[in-house]
Trainee: 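I'd like to ask you about the structure that follows.
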Amino acid sequence: MPDPSTLCEALVRAASFPGTGLRILDREGHAGFHAWAEVEAGARRVASGVIAAGQSPGACTALVFPTGIAFFEAFFGVLLAGGVPVPLYPPVRLGRMAEYHTRTGAMLKAVRADLVLAEPRIRRLLGETVAAAAPRVPRCLSPEDLPEGSPGRPDRPVAAEDLGLVQFSSGTTGVPRPVALTHRALLAQAAILESFLVDRPGAIHAGVSWLPLYHDMGLVGCVFPALTRPGVLTLLGPEVFVARPATWLRAISRYGGTVSPAPAFAYALAADRVRDEELDGVDLSRWRLALCGAEPIGPAVLRRFGERFRRWGFDPGALKPVYGLAEAALAVTFTPPDRPMSTVRLDRAALARDEVRPDPDGVELARLGPPVPGFAVRVTDAEGHDLPPDRIGRIRIRGPSLLAGYLHLPRETAEVLRDGWLDTGDRGFLDRGELVVTGRDKEILVLKGRKYPPALVEQALDGLPGLRAGCAAAVSHRPEAADAERLLLLAETSRDAADTDVAALPDACARAILAGTGLLVDEVVLLAPGTLPRTSSGKIRRREALAAHLAGTLSPPDRVTPLSVAGWYVRSAWAFTRGPRPGRGS
């Protein structure tokens, strides 16, 4: 059978391979297996309904589902109907519902969605969300509510250059942008990942993932390779992992997982919260690729994870820092599978001047590997001129899975995509062909005219008693009438923090940052858990946090009670009835 040219063809081909598909764990750890043939059959039912509902070819359909078979039936159903799926995050931060309605409504507006498909329980909460997309208010239906379509195969013609997915950029430094990716680009990225996941000729690593399906690491990085080289992928919901991190490690052990990716905060959370008694009988010796990406990587966190779980057979050499972004579909650089994590140490003062000067006692940064096959990486100044290896600059990339553009945003596309090269917005340098990232260009701390990556300040706090792992934001600003910028740390305390630990935290944070970076903190602000604003993928929005703090509006999530939940449902139902008639516009 020839290689597929679209995700639709990939699904049809995968359905012909017996014993391959998705193993999905529920909250209690019970597994349900869904063969790719079952996914295809469900997707065709959805496609028939989407066509019968009048959805036009090429139109965007937003998907709001938890991890489950219904997501995949809806995703591939929209593709088979000739549409473009746009996975969006469900309302999981219940104390931030007003923010959810505003941000998700803006996403619906950005892609000009005509239809929203949602899990029935979630749909009941989305009235205010779709209303926020006015004046073009999309219809909001559950798959069960779609009209009955014509029997048979509902396929509409789909070409390799058609859009196969719109995924939003992280939005850490501004409004998330809709990244439009073609079928060709997505399959190119899947092929790149396959080249790293093949264990031996004809075999593929067994994947285990808790990553959200509305995020490139979860969907593109885990699902698509299991589809294009048909295999079995084990999935659990992100809410299951956050509530009980040991569930992730137990799933890897039980199902023989050999590859499982996660952002750095997940490794820190597991190292801190998993108890020995939760790992009775667990064997992690088959885990060969513990990929780490999606956010700044603290080498100390990964080393702590490796040592914490070594006694259960985990090989610390399996930890592989990687680099990617939504605009590239996912992977750009990759630590080679046969090489353990490596780092560089740099002189702090030189780093602040955008210079690369080795220092055995300096700041430690992870190497993120060389470019993956087909990709090229350059480091340039602001005008696009290449810089020598001893200078830090803007990271630009080129490769076969780059975005077609930001959907409906030609000016923004032209700003970042020129002559086939994408300006990533990140800063870093190349060390003997391997990428080292120092931070986001728009988030760099500016102190006394020098530049410092905020992640280095935040990573210095790793392991401090009383702090939530990965829940701190280092920001700089110049108050009115001040003659210099101030370094401000906004940090959340842990839910079970002892009073003595909390009282000691401001001084402890200042000492840790001074020791780790040489910087003096002007102010440490302690926050209740859940206060810092985050992106849909969990990254902290530093600039928004600073603006809210300065405005006095940085506050913890609303208290969730049965009464407040009932109120959400009532307001949602009222929004569905009072808004413009759900249809193809207002």
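Model, not experiment: these values are computed from the prediction.
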Trainee: Would you say L291 and V259 make side-chain contact, with heavy atoms under 4.5 Å?
Mentor: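 Side-chain contact under 4.5 Å: yes.
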Trainee: Give the C-alpha distance, both sets of side-chain angles, the deciding distance and a yes or no for salt bridge (charged side-chain N to carboxylate O under 4.0 Å, His left out) between E38 and R45.
Mentor: CA-CA 11 Å; E38 178 187 345; R45 289 192 299 270; over 6 Å; no
Trainee: Quick check for you: to the nearest 0.5 Å, what is the distance between R156 atom CZ and C8 atom SG?
Mentor: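 That separation rounds to 12.0 Å.
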Trainee: Mind running side chain to side chain contact (heavy atoms under 4.5 Å, CB included) on L117 and F65 for me, showing each step along the way?
Mentor: CA-CA 8 Å; L117 291 180; F65 290 85; 4.1 Å; yes
Trainee: So, D272 and R308, do they make that salt bridge, N to O below 4.0 Å?
Mentor: no
Trainee: So for atom CZ, which belongs to R273, do other residues, nucleotides or ligands contribute more than 12 heavy atoms lying within a distance under 6.0 Å?
Mentor: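 Correct, the count exceeds 12.
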Trainee: Run the numbers on E327 and T424 for side chain to side chain contact (heavy atoms under 4.5 Å, CB included), then give the verdict.
Mentor: CA-CA 8 Å; E327 287 86 346; T424 65; over 6 Å; no
Trainee: Mind checking whether W36 and F76 have parallel, tilted or perpendicular rings, split at 30° and 60°?
Mentor: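 Taking F76 first and then W36, their aromatic rings stand perpendicular (interplane angle over 60°).
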Trainee: Please determine if R23 forms a cation-pi arrangement with F33, meaning its NZ or CZ atom is less than 6.0 Å from the six-membered ring centre and no more than 45° off the ring axis.
Mentor: no
Trainee: Apply the test ring-ring contact (aromatic ring centres under 6.0 Å, His included) to residues Y267 and W248: give CA-CA distance (whole Å), side-chain angles for both, the deciding distance (0.1 Å), then the verdict.
Mentor: CA-CA 11 Å; Y267 291 101; W248 176 36; 5.7 Å; yes
Trainee: Are E40 and R44 ion-paired here, with the side-chain N under 4.0 Å from a carboxylate O?
Mentor: yes
Trainee: Do R468 and F265 form a cation-pi contact, if we require the NZ or CZ to be under 6.0 Å from the six-membered ring centre and within 45 degrees of the ring's axis?
Mentor: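 That pair does not qualify as a cation-pi contact.
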